[in-house]
Undergrad: 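Just dropping this structure here.
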Amino acid sequence: ETGVTQTPRHLVMGMTNKKSLKCEQHLGHNAMYWYKQSAKKPLELMFVYSLEERVENNSVPSRFSPECPNSSHLFLHLHTLQPEDSALYLCASSQEGRGYEQYFGPGTRLTVT
Amino acid sequence: AQSVTQLDSQVPVFEEAPVELRCNYSSSVSVYLFWYVQYPNQGLQLLLKYLSGSTLVKGINGFEAEFNKSQTSFHLRKPSVHISDTAEYFCAVSDFNKFYFGSGTKLNVKP
């Protein structure tokens, strides 16, 4: 596979469930990102990993827990979510540094019931 | 921090008509500029980028954008749109390794 892949593409979970979103990049990049895209809201940057270290956490609730075991993989662990967490979760990767574009995966459509 | 403003949340246009999607950013310092497109149920795809050099940048699918430093704008244009251009378009600014996205413009191409 090429580019950035995300699994699953769709996820429905109850408020008491625990699930994980997975992202994998095949581009040799050294930075990875999680974004949340909700209807009628701007794209929200959640977490940034650079060289496998978390460098940014934009006041995201603790029910979202990221993990970056290596430069190619990024996870978002979910637990006790709220209905307002329903959104499209996008993963992106880039080469670190100014001017490098981000490459996005297709996203995981999450519905919390 | 940067701010990116996309003035139009929705732009309806007829097929084969020209279109311009507007983008303004806040900073006067050197920045890198990008346009992305998002088709339904997909991630964002890079259309074009401006790093330096010529202020007119050509991208994929016949789109182009013009960087105007004095007006801090980076408007996206296409001389003749197709039905398949119906999508949401995002302007982005990169500054010191951070990306800032606009709120998006939905382009609706009508037959």
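A note on names: the letters A, B, ... follow the listed sequences, proteins ahead of strands, and every chain is numbered from 1.
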Undergrad: Give, as side chain, backbone, both or neither, the part of B/L51 having an atom under 4.5 angstrom from any heavy atom of chain A.
TA: side chain
Undergrad: Is it the case that B/K78 places NZ or CZ above or below the six-membered ring of B/F63, under 6.0 angstrom from the centre and within 45 degrees of the axis?
TA: yes
Undergrad: Quick one: do B/E64 and B/R77 make a salt bridge, cutoff under 4.0 Å?
TA: no
Undergrad: When A/K36 is tested against each of A/D85, A/V60, A/L76, A/L90 for side chain to side chain contact (heavy atoms under 4.5 Å, CB included), which residue passes?
TA: A/D85
Undergrad: Is chain A contacted by the side chain of B/Q6, its backbone, both, or neither, given a heavy-atom distance below 4.5 Å?
TA: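 Neither the backbone nor the side chain of B/Q6 comes within 4.5 Å of chain A.
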Undergrad: Do the charged groups of B/D8 and B/K106 touch, with an N to O distance under 4.0 Å?
TA: no
Undergrad: Given that the side chain runs from C-beta out, which part of B/Y100 has a heavy atom under 4.5 Å from chain A: side chain, backbone, both or neither?
TA: neither
Undergrad: Against chain A, label B/Y36 side chain, backbone, both or neither, depending on which of its atoms sit under 4.5 Å from a heavy atom there.
TA: side chain
Undergrad: Please name the pair of heavy atoms, one in B/A87 and one in B/V37, separated by the smallest distance, quoted to 0.1 Å.
TA: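 B/A87 and B/V37 have their closest heavy atoms at CB-CG2, 3.5 Å.
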Undergrad: Is it the backbone or the side chain of A/Q37 that comes under 4.5 Å from a heavy atom of chain B, or both, or neither?
TA: side chain
